[in-house]
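Note that these values count all heavy atoms, side chains included, but never hydrogens, waters or copies made by symmetry.
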Amino acid sequence: MPLLEIVQTRQVTASIRLDEPTAALIDQYAAFLHATADEVVDKALCYVFAKDRDFQDFLRTPEAAHAPESLRIRRVPQNGSAAESANGVAKPAQSREAGNGSRSRS
C-alpha cells in the first residue's frame, strides 16, 4: 500500500538539486504510484512537514514568518500582467505554472 496519496493542486515550478540515488528512487516511486516525479516530491515533503512535531512548533513562531526564500521558484504571469517578486522572478496574478517532471541526468 502506498504511503502517499496524489491529488491535483495548483503548483509552481522550482529548481532543486538531488543526489542521484534519490532521484532514481523518486522515479521508481512515481512509477509505483503511476504518478509524476513532481507529485511524489510534493506529497513526500508535505508528509514530512506534517509529521515533524518540532517543525510544526517552529511554524508557530515569529521566526518562521521571516524565513529567507532560498528555493528558486519560477512563476508565469497570467493575463499579460507580470509582477516581480523580491528575487526578481515574475509572479502570476492568480494561478501558478505546473511542473513538468522532467530533469536531466548527467
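- Nearest heavy-atom pair across Tyr29 and Leu3 is OH-N, 3.2 Å.
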Working for side chain to side chain contact (heavy atoms under 4.5 Å, CB included), residues Asp42 and Tyr47: CA-CA 9 Å; Asp42 180 64; Tyr47 178 82; over 6 Å; no
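- The nearest pair of heavy atoms linking Ala37 to Ile26 is CB-CG2, 3.7 Å.
- By the side-chain contact (heavy atoms from CB on, under 4.5 Å) test, Ala35 is found to be paired with Ile6, Leu33, Glu39, residues two or more places apart in sequence or in another chain being considered.
- Taking Ala14 as the reference, Leu71, Ile73 meet the side-chain contact (heavy atoms from CB on, under 4.5 Å) condition, with sequence neighbours excluded.
- Between the side chain of Asp19 and the backbone N or O of Pro21, no donor-acceptor pair lies under 3.5 Å.
- Counting only residues at least two apart or in different chains, ring pair (Phe, Tyr, Trp, His ring centres under 6.0 Å) contacts with residues 51-73 comprise Phe49-Phe55.
- The side chain to side chain donor-acceptor pair (under 3.5 Å) test applied to Asp57 returns Arg60, not counting sequence neighbours.
- Note on Val41 and Phe32: same hydrophobic cluster, where clusters join Ile, Leu, Val, Met, Phe, Trp and Tyr whose side-chain heavy atoms are under 4.5 Å apart, directly or indirectly.
- Note: the hydrophobic cluster containing Val48 does not contain Leu25 (ILVMFWY, side chain heavy atoms under 4.5 Å, direct or indirect links).
- Proximity of a side-chain donor or acceptor of Arg74 to a complementary backbone N or O of Thr13 within less than 3.5 Å is not detected.
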